[in-house]
Amino acid sequence: DAKTTQPNSMESNEEEPVHLPCNHSTISGTDYIHWYRQLPSQGPEYVIHGLTSNVNNRMASLAIAEDRKSSTLILHRATLRDAAVYYCILRAPTAGGTSYGKLTFGQGTILTVHP
Amino acid sequence: AAGVIQSPRHLIKEKRETATLKCYPIPRHDTVYWYQQGPGQDPQFLISFYEKMQSDKGSIPDRFSAQQFSDYHSELNMSSLELGDSALYFCASRRGGRSAQYFGPGTRLTVL
């Protein structure tokens, strides 16, 4: 599996935007970029995913570099409830039987949000 | 909305005992995944099932086995438990054709 690199930790203030970076220089042309987060004492939670174009949903935005070697998860207004470990994960497509969608978690970014 | 259900939420066993963890996926989800998260560790993929057939296998010990039943629920059976098996065990489900996996709250297994 292609590897991702994320900062160990980041800090933010409440109601400010947060930009969480992820490097994935060995990404293959068909890998999807997924973001999950894990709040304390909970199971991981899906945040967003994308392939080439930037993506927005109600939780966050995903900005993908043109060469796809890096991406940034954007939380537009951080709240205390956003304090979690954020994982950037590359996942092969499930179509065609090449992958059944398992997630390979690496070291994520611990986000601390200050009131 | 319905979520992934796992039972039991907490389980305490002695070394060399057996344990069975259950997972009930979200309705209409056809793929189930099991993950193990040791203390201070990141989740590690164990095994997955698609339409009741094993679809992928990760770092699952031979002492562990799992299956998916006709109603799509899944069970993880763990035998000859060791102290190192103490961990959180998460089940996740996914609907075919969709990307997102939805995780359950986990079962905390403690082996004494």
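Just so it is clear, the structure is predicted and the values come from calculations on it, not from any experiment. Each chain gets a letter, A, B and so on, in the order the sequences are listed, and its residues count up from 1. As a basis for the values below, the full set of heavy atoms in this structure was taken, side chains included, without hydrogen atoms, waters or symmetry mates.
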So, for [X] and [Y], which heavy atoms are closest and what is the spacing to 0.1 Å?
| X | Y | value |
| --- | --- | --- |
| A:Leu111 | A:Ser12 | CD1-CB, 4.3 Å |
| A:Arg91 | A:Leu103 | CD-CD2, 4.0 Å |
| B:Ser93 | B:His29 | OG-ND1, 2.8 Å |
| A:Ile64 | A:Thr52 | CB-O, 3.7 Å |

Note to self: Between B:Glu82 and B:Arg63 (salt bridge meaning N to carboxylate O under 4.0 Å), is one present in this structure?
What the structure shows: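 Between B:Arg63 and B:Glu82 there is a salt bridge, with a charged N closer than 4.0 Å to a carboxylate O.
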Notebook entry, point to check: Between A:Arg37 and A:Asp82, is there a side-chain N and carboxylate O pair less than 4.0 Å apart?
Noted result: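 A:Asp82 and A:Arg37: salt-bridged.
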Notebook entry, point to check: Tell me, side chain or backbone of B:Gln6 under 4.5 Å from chain A's heavy atoms, or both, or neither?
Noted result: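 Neither part; nothing is under 4.5 Å.
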Notebook entry, point to check: If you check every heavy atom in residues 38-45 of chain A against those of chain B, which residues fall under 4.5 Å?
Noted result: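 When heavy atoms of chain B are the reference, residues 38-45 of chain A contributes A:Gln38, A:Gln42, A:Gly43, A:Pro44 within the under-4.5 Å range.
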Checklist line | Within 6.0 Å of NZ in B:Lys22, more than 12 heavy atoms from elsewhere | finding: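 Counting neighbours around NZ of B:Lys22, 12 or fewer heavy atoms of other residues, nucleotides or ligands fall under 6.0 Å, so no.
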Check: Who among B:Thr31, B:Asp42, B:Ile47, B:Leu88 has the most heavy-atom pairs with chain A under 4.5 Å?
Finding: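 Highest number of pairs under 4.5 Å: B:Asp42.
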